[in-house]
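All figures in this text were calculated on a predicted structure; none of them were measured in a lab.
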Amino acid sequence: MSQNAQVGLERLNGLSKTDAENELLKCCGSGDWARLVTSERPFESVDDLIASADRVWWLLEPRDWLEAFHSHPKIGEKKAVSAVAVEAQRWSEDEQSGIRNSAQETIAALAKLNRMYEEKFGFIFIVCATGKSSEEMLSNLRRRLNNDPDEELRIAAAEQAKITKLRLRKLIDSQ
């Protein structure tokens with residue numbers, strides 16, 4: 001484990017319950033998830049933290065997943081439905097960097113399909129955008145529009161789990 005990760009993990013382990021929950025909410029917007037993960041401290045390693053975070057995520061109810069989804073902006077947008085920490089907003093912008101230099105038609109298609117997706121499923125399109133181009137995200141969105149609602153909720157939850165893992169590493173490494 002890097003020196004930064006060790007310091008970050010020690011810091012997270014030493015925070016008050018409320019402060020630890022607030023730090024974890026930067027990574028995943030579910031209050032129940034943040035409370036449950038916080039209650040499992042101290043973590044011996046970053047892998048231990050990530051394993052706990054993932055296990056807790058899959059124990060949650062769909063309402064908790066939907067709460068987490070609200071902390072994300074739509075693909076191609078900058079503002080989430082729920083208020084989020086500055087770090088979470090910055091991470092989201094970095095994760096969606098594949099959109100920055102996209103063709104206007106691609107951005108317009110993403111906006112249109114985002115609306116169709118939200119109308120069909122009742123929540124925004126969640127994808128782990130890190131390293132994906134706008135065209136890849138658009139293709140993914142088109143494909144997932146064909147899913148049934150139950151299947152799509154689980155797929156979106158799995159994408160959120162990927163995002164959370166990446167953000168936990170950023171959180172620990174930034175301390």
Query - Side-chain donor-acceptor pair present, E21, T38, cut-off under 3.5 Å - result: no

Query raised in the report: Side chains of T164 and Q160: do they bring a donor and an acceptor to under 3.5 Å?
Result: yes

Query raised in the report: Sub-3.5 Å donor-acceptor pair from the side chain of S139 to the main-chain atoms of E135, do we have one?
Result: no

Report task. Flag yes if L138 and I155 sit in one hydrophobic cluster, no otherwise; membership is Ile, Leu, Val, Met, Phe, Trp, Tyr, and two members link when side-chain heavy atoms are under 4.5 Å apart. Result -> no

Query raised in the report: Passes salt bridge (charged side-chain N to carboxylate O under 4.0 Å, His left out), D47 versus R169? Steps please.
Result: CA-CA 9 Å; D47 289 340; R169 289 190 187 283; 3.4 Å; yes

Requested in this report: State, to 0.1 Å, how close A68 and W57 come at their nearest heavy-atom pair, and which atoms those are.
Outcome: CB-CH2, 3.8 Å

Query raised in the report: Is it true that a side-chain atom of W33 and a backbone atom of D64 form a donor plus acceptor pair closer than 3.5 Å?
Result: no

Query raised in the report: If two hydrophobic side chains count as joined below 4.5 Å and joins carry through other members, does V37 share a cluster with L59?
Result: no

**Report entry** Distance in Å, C27 SG paired with I172 CD1, rounded so as to fall on 0.5 Å steps
**Finding:** 7.5 Å

Query raised in the report: Does D48 use its side chain to pair, donor to acceptor, with the backbone of E44 at less than 3.5 Å?
Result: yes

Requested in this report: Measure from the ring center of W65 to the ring center of W58 and say whether it is less than 6.0 Å.
Outcome: yes

Query raised in the report: Is the shortest side-chain N to carboxylate O distance from R35 to D32 below 4.0 Å?
Result: yes

Requested in this report: Would you tell me whether S16 and D19 have side-chain atoms, one donor and one acceptor, within less than 3.5 Å of each other?
Outcome: yes

Query raised in the report: Is L36 reachable from L15 through a run of I, L, V, M, F, W or Y residues, each pair having side-chain heavy atoms under 4.5 Å apart?
Result: yes

Requested in this report: Taking N114 for its side chain and L110 for its backbone only, find out whether a donor-acceptor pair lies under 3.5 Å.
Outcome: yes

Report task. Give a yes or no answer on whether the side chain of E152 reaches the backbone of L145 with a donor-acceptor pair at less than 3.5 Å. Result -> no

Report task. Verify salt bridge (charged side-chain N to carboxylate O under 4.0 Å, His left out) between E118 and R115, making sure each step is shown before the conclusion. Result -> CA-CA 5 Å; E118 194 167 4; R115 285 190 300 275; over 6 Å; no

